[in-house]
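FYI, side chains are in, hydrogens and waters are out, and symmetry mates aren't considered; it's all heavy atoms of this structure.
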Amino acid sequence: MTALNHTAVSHTVFRLLGIPGLEDQHRWISIPFFISYVIALLGNSLLVGIILTKRSLREPMYLFLCMLAAADVVLSTRIVPQALAIFWFRAGEISLDCCITQVFFYSSTFISESGVLLVMAFDRYVAICYPLRYTTILTRALIGKAGLTIFLRSYCTIFPITFLLKRLTFCQNNIIPHTFCEHIGLAKYACNDIRVNIWYGLFVIMSTVVLDVLLIFVSYVLILRAVFHMPSREARHKALNTCGSHVCIIVLFYGPAIFTSLTQRFGRHIPPHTHILLANVCILVPPMVNPIIYGIKTKQIWEQAAYVFFPKQK
């Protein structure tokens with residue numbers, strides 16, 4: 001009878017704990033979170049503004065970079081302010097609908113970023129393997145279609161997850177030991193069978209992020225083959241240098257995510273707060289570092305950014 005009454009209750013409000021085990025350090029932990037968020041917000045907003053306002057930066061590479069910067073702003077804004085509210089004010093209470101909304105935007109934006117990195121790899125492939133046909137292949141129309149496809153793919157694959165979560169009855173604990181809501185992290189508090197959630201979540205990851213990684217790998221194999229067939233050492237160096245920024249961002253985006261997945265799968269003896277910190281690193285680091293990498297390694301962006309802050313020195 002007790003079990004029957006228990007399953008009749010479905011929680012509509014949850015409480016995010018932040019980083020369990022490190023509650024006394026929350027204010028100190030909030031400092032790198034806040035600094036990272038400010039840098040990410042200002043850096044990516046500046047990047048988007050420069051690319052959209054300067055005609056000289058309307059090339060495909062910069063337009064794809066603009067998409068990446070916009071996605072970085074959305075990703076960090078959906079997660080970091082919630083974490084800071086928990087750290088500063090212990091405001092971890094969140095409704096089920098808001099939690100599901102956070103899952104939707106976090107997951108879809110992550111997949112969008114992965115898609116943008118894929119088309120950026122294609123951009124580098126065309127630039128190096130077919131330099132004379134670069135502008136005829138990567139037209140504005142194709143770039144627009146690529147952006148629309150990335151958007152539709154991410155939203156269409158994640159949208160069913162909202163229904164898979166809404167159908168569940170959350171009769172177990174409503175305390176979530178995390179700084180934000182995750183799909184399976186939320187679903188495991190349900191009393192229903194969540195195998196559909198698990199299998200669909202796996203399908204989404206395999207058909208989007210894992211597929212993107214494989215296609216990026218294939219792109220760079222073709223790029224390296226083309227580079228090593230170039231006659232001069234200077235040409236090879238110049239070609240590889242154009243890929244440097246993109247490779248750095250790929251490592252920073254997929255590296256922490258892969259490492260986090262491995263530690264969650266095999267690191268059973270690792271403290272829970274370590275898993276949560278690693279999950280937040282996946283969100284904090286790429287949006288903060290991406291504009292810095294492209295700002296330093298891309299002369300055109302560096303010059304325009306310098307002109308914004310020091311207009312009299314140009």
Tell me, which pairs form a side-chain hydrogen bond (donor to acceptor under 3.5 Å, both in side chains) where one or both residues lie in residues 183-206, sequence neighbours left out?
Arg167-Asn197, His183-Asn197, Asp193-Arg195
Between [X] and [Y], which heavy-atom pair has the shortest distance, and what is it?
{"X": "Ala226", "Y": "Ile128", "answer": "CB-CG2, 4.4 Å"}
{"X": "Thr179", "Y": "Ile86", "answer": "O-CD1, 3.9 Å"}
{"X": "Ser154", "Y": "Thr157", "answer": "O-OG1, 3.1 Å"}
{"X": "Val48", "Y": "Ala70", "answer": "CG2-N, 4.0 Å"}
{"X": "Ala190", "Y": "Gln172", "answer": "O-NE2, 3.0 Å"}
{"X": "Asn44", "Y": "Pro287", "answer": "ND2-O, 2.8 Å"}

By side-chain contact (heavy atoms from CB on, under 4.5 Å), Pro81 pairs with (sequence neighbours left out) Tyr37
Would you please name every residue forming a side-chain contact (heavy atoms from CB on, under 4.5 Å) with Ile158, sequence neighbours left out?
Phe104, Ser107, Ser108, Ile111, Ile161, Val204
To the nearest 0.5 Å, tell me how far [X] [atom1] sits from [Y] [atom2].
{"X": "Phe34", "Y": "Arg27", "atom1": "CZ", "atom2": "CZ", "result": "13.5 Å"}
{"X": "Ile137", "Y": "Leu132", "atom1": "CD1", "atom2": "CG", "result": "10.0 Å"}
{"X": "Ile176", "Y": "His11", "atom1": "CD1", "atom2": "NE2", "result": "10.5 Å"}
{"X": "Phe87", "Y": "Gln25", "atom1": "CZ", "atom2": "CD", "result": "11.5 Å"}
{"X": "Ile216", "Y": "Ile223", "atom1": "CD1", "atom2": "CD1", "result": "10.0 Å"}
{"X": "Phe151", "Y": "Cys156", "atom1": "CZ", "atom2": "SG", "result": "8.5 Å"}

Got [X] and [Y] here, is their nearest side-chain heavy-atom distance under 4.5 Å?
{"X": "Leu42", "Y": "Pro291", "result": "no"}
{"X": "Thr208", "Y": "Ser114", "result": "no"}
{"X": "Met61", "Y": "Leu65", "result": "no"}
{"X": "Leu222", "Y": "Val218", "result": "yes"}
{"X": "Leu252", "Y": "Ile293", "result": "yes"}
{"X": "Ile249", "Y": "Leu68", "result": "yes"}
{"X": "Val119", "Y": "Asp123", "result": "no"}
{"X": "Leu22", "Y": "Leu277", "result": "yes"}

Measure from the side-chain N and O atoms of His26 to the backbone N and O of Ile19, and report whether any donor-acceptor pair falls under 3.5 Å.
yes
Does the Gln102 side chain pair with the main chain of Cys181, one donor and one acceptor, at a distance under 3.5 Å?
yes
CH2 (Trp88) with more than 12 external heavy atoms under 6.0 Å
yes
Member of Tyr125, Tyr294, Tyr220, Phe64 meeting the ring pair (Phe, Tyr, Trp, His ring centres under 6.0 Å) criterion with His246
Tyr220
Please tabulate, for side-chain N and O atoms in residues 236-244, each donor-acceptor pair with protein atoms closer than 3.5 Å (sequence neighbours left out).
{"unit_1": "Arg236", "atom_1": "NH1", "unit_2": "Met230", "atom_2": "O", "d": "3.0"}
{"unit_1": "Thr242", "atom_1": "OG1", "unit_2": "Ala239", "atom_2": "O", "d": "2.5"}

Determine whether the aromatic ring centres of residues Phe14 and Phe170 are separated by less than 6.0 angstrom.
yes
Exercise answer: donor-acceptor pairs, residues 90-101 side-chain atoms, under 3.5 Å, sequence neighbours excluded:
{"unit_1": "Ser95", "atom_1": "OG", "unit_2": "Cys98", "atom_2": "N", "d": "3.2"}
{"unit_1": "Asp97", "atom_1": "OD1", "unit_2": "Lys166", "atom_2": "NZ", "d": "2.8"}
{"unit_1": "Thr101", "atom_1": "OG1", "unit_2": "Asp97", "atom_2": "O", "d": "2.8"}

Carefully, step by step, assess Leu138 and Phe122 under the rule side chain to side chain contact (heavy atoms under 4.5 Å, CB included).
CA-CA 10 Å; Leu138 288 172; Phe122 176 70; 3.8 Å; yes
With Ile79, the side chain to side chain contact (heavy atoms under 4.5 Å, CB included) member among Thr109, Ile283, Leu284:
Ile283
Any donor-acceptor pair under 3.5 Å linking the side-chain atoms of Tyr155 with those of Ser112?
no
Parallel, tilted or perpendicular: which describes the rings of Phe253 and Phe110, with under 30° parallel and over 60° perpendicular?
parallel
Below 3.5 Å, can you tabulate the donor-acceptor pairs from side chains in residues 51-59 to any protein atom, sequence neighbours excluded?
{"unit_1": "Thr53", "atom_1": "OG1", "unit_2": "Gly49", "atom_2": "O", "d": "2.6"}
{"unit_1": "Thr53", "atom_1": "OG1", "unit_2": "Ile50", "atom_2": "O", "d": "3.4"}
{"unit_1": "Arg58", "atom_1": "NH2", "unit_2": "Leu52", "atom_2": "O", "d": "2.6"}

Transitively linked via ILVMFWY side-chain contacts under 4.5 Å: [X] with [Y]?
{"X": "Leu214", "Y": "Val221", "value": "no"}
{"X": "Leu165", "Y": "Ile175", "value": "no"}
{"X": "Val13", "Y": "Phe89", "value": "no"}
{"X": "Val247", "Y": "Leu118", "value": "yes"}
{"X": "Phe203", "Y": "Leu164", "value": "yes"}

Let's go through Asn174 and Arg15 carefully: what are the C-alpha distance in whole Å and the side-chain angles of both, what is the deciding distance for side chain to side chain contact (heavy atoms under 4.5 Å, CB included) to 0.1 Å, and is it a yes or a no?
CA-CA 6 Å; Asn174 68 334; Arg15 184 167 186 82; 5.7 Å; no
Can Met67 and Ile143 be said to form a side chain to side chain contact (heavy atoms under 4.5 Å, CB included), step by step?
CA-CA 11 Å; Met67 295 180 195; Ile143 294 170; 3.8 Å; yes
Please test Ile194 against Leu168 for side chain to side chain contact (heavy atoms under 4.5 Å, CB included), starting from the C-alpha separation and ending with a verdict.
CA-CA 8 Å; Ile194 63 169; Leu168 299 176; 4.2 Å; yes
